[in-house]
Asker: 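Pasting in a structure now, in structure tokens, and then I'll have a few things to ask.
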Amino acid sequence: MPGPLDLRFVASYSQAAQMPANDAEIALVGRSNVGKSSLINALAQRKQLARTSKSPGATRLINAFELGAEGSGRWLVDLPGYGYAKASKTEQARWSAMAESYLAHRAPLRGVLHLIDAEIGPTRLDLDTVAWLDSLELPVTYVATKLDKVRPARQGARRRELTDRLGAERGAVVWTSSAKGGGISELRTLLAALLRA
């Protein structure tokens, strides 16, 4: 069973053009409050590596985390979440432009982890993002978060519903719980392989 990923925070960027050249990057994409920061902390088994908040919209910049030794050039990149209604329209547009520029033009990008809330998703915004990522022809892995919030008796049906709505193959979604640790080992293995490919 793989141990915690050796991740360290590198820097925050307001635009992709500020980022240095790297060997490989994997982006985290998802709705505000889907649990991106909690997932990063679970992958590294560190409580405060990525900033978490009870209010959605805590990630307002492009946050980069490096895997392995300093200078390895293998980054996990946390993008601002979409769908945060309490931010101003101007701020939402800025976040959206920041993420879209990164995803459409970043050369080291090897793939995307698209996080979907297992309890409530996929939402309309999630499905719009699915279509947009598909248009970019980026390799995407779906990660269902907060599985612990779904009642055990409901989980089988929820898995079928979510994969059907995403148009994903059965078994193509990694089901996780940052709180309980479910699926984290599987995702660690997948992420390490993607960044080393």
Side-chain angles (χ1 to χ4, degrees), residues 1-32 34-53 57-82 94-116 129-130 132-145 168 172-176 178 181 183-197:
M1 190 164 86
L5 292 183
D6 182 17
L7 289 170
R8 65 177 191 87
F9 174 71
V10 178
S12 296
Y13 302 92
S14 61
Q15 52 186 317
Q18 298 172 337
M19 301 170 71
N22 277 321
D23 291 332
E25 294 174 6
I26 298 295
L28 285 179
V29 171
R31 186 178 55 80
S32 292
V34 76
K36 291 188 284 94
S37 296
S38 295
L39 185 66
I40 291 169
N41 290 338
L43 290 168
Q45 203 172 316
R46 291 171 58 189
K47 291 184 178 179
Q48 300 297 327
L49 177 61
R51 177 185 168 206
T52 60
S53 172
T59 302
R60 301 182 179 211
L61 297 168
I62 299 172
N63 293 320
F65 301 85
E66 190 164 44
L67 177 66
E70 184 173 351
S72 71
R74 299 193 304 271
W75 283 14
L76 178 63
V77 178
D78 184 17
L79 298 175
Y82 50 81
R94 188 180 69 80
W95 297 347
S96 179
M98 185 191 312
E100 288 176 12
S101 175
Y102 173 87
L103 292 166
H105 304 295
R106 184 68 178 159
L109 183 61
R110 297 289 178 264
V112 173
L113 300 184
H114 188 181
L115 276 57
I116 308 289
T129 303
V130 167
W132 184 69
L133 291 173
D134 187 55
S135 75
L136 294 177
E137 299 183 344
L138 289 170
V140 175
T141 299
Y142 296 114
V143 180
T145 62
V173 178
V174 182
W175 295 81
T176 65
S178 297
I184 298 300
S185 291
E186 180 184 353
L187 192 56
R188 285 172 179 159
T189 300
L190 174 64
L191 187 56
L194 289 171
L195 284 172
R196 291 189 175 109

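Here, residue 1 is the first one in the sequence, and each next residue gets the next number. Just the heavy atoms: all of them, side chains too, but no hydrogens, waters or symmetry mates, feed the values below.
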Asker: Using a 3.5 Å distance criterion without hydrogens, assess whether the side chain of R196 forms a donor-acceptor pair with backbone atoms of L194.
Answerer: no

Asker: What's the shortest heavy-atom distance between F65 and L49, and which atoms?
Answerer: CE2-O, 3.7 Å

Asker: Compare every heavy atom of L43 with every heavy atom of R188, then report the nearest pair and how far apart it is.
Answerer: NE-O, 2.9 Å

Asker: Could I get the full list of salt bridge (charged side-chain N to carboxylate O under 4.0 Å, His left out) partners for R106, not counting sequence neighbours?
Answerer: E25

Asker: Run the side-chain donor-acceptor check on residues 5-12: report pairs under 3.5 Å with partners two or more places apart or on a different chain.
Answerer:
from	atom 1	to	atom 2	distance (Å)
R8	NE	E66	OE1	3.3
R8	NH2	E66	OE1	2.5
S12	OG	N63	OD1	2.4

Asker: Parallel, tilted or perpendicular: which fits the ring planes of Y142 and H114, with parallel below 30° and perpendicular above 60°?
Answerer: tilted

Asker: Any sub-3.5 Å donor-acceptor pair from T145's side-chain atoms to L115's backbone N or O?
Answerer: no

Asker: Distance from W132 atom CH2 to E100 atom CD, nearest 0.5 Å?
Answerer: 5.0 Å

Asker: Looking only at heavy atoms, which two atoms of A44 and P4 are closest? And how far apart?
Answerer: O-CB, 3.4 Å

Asker: When you measure from the side chain of N41 to the backbone of A50, do you find a donor-acceptor pair of N or O atoms at a distance under 3.5 Å?
Answerer: yes

Asker: Please report the interatomic distance OG1(T176) to CD(E186), rounded to the nearest 0.5 Å.
Answerer: 9.5 Å

Asker: Please check if atom CD in E70 has more than 12 non-hydrogen atoms from other residues, nucleotides or ligands closer than 6.0 Å.
Answerer: no

Asker: Would you please name every residue forming a side chain to side chain contact (heavy atoms under 4.5 Å, CB included) with Q48, sequence neighbours left out?
Answerer: none

Asker: Using every non-hydrogen atom in the two residues, find where V34 and I116 come nearest and quote the distance to one decimal.
Answerer: CG2-C, 3.7 Å

Asker: Got a second to check how far T141's OG1 is from L191's CG, nearest 0.5 Å?
Answerer: 9.5 Å

Asker: Rounded to the nearest 0.5 Å, how far does CG of L79 lie from NZ of K36?
Answerer: 7.0 Å

Asker: Between atom CG of D78 and atom CG of L113, what is the distance when rounded to the nearest 0.5 Å?
Answerer: 10.5 Å

Asker: Quick one: closest heavy-atom pair of V173 and A168, and the distance?
Answerer: CG2-CB, 4.3 Å

Asker: Say whether, by atom type as modelled, one donor and one acceptor occur between the side chain of S72 and the main chain of L67 under 3.5 angstrom.
Answerer: yes

Asker: To check you understand the geometry: which heavy-atom pair defines the closest contact between M19 and W75, and what is its length?
Answerer: CE-CZ3, 3.8 Å

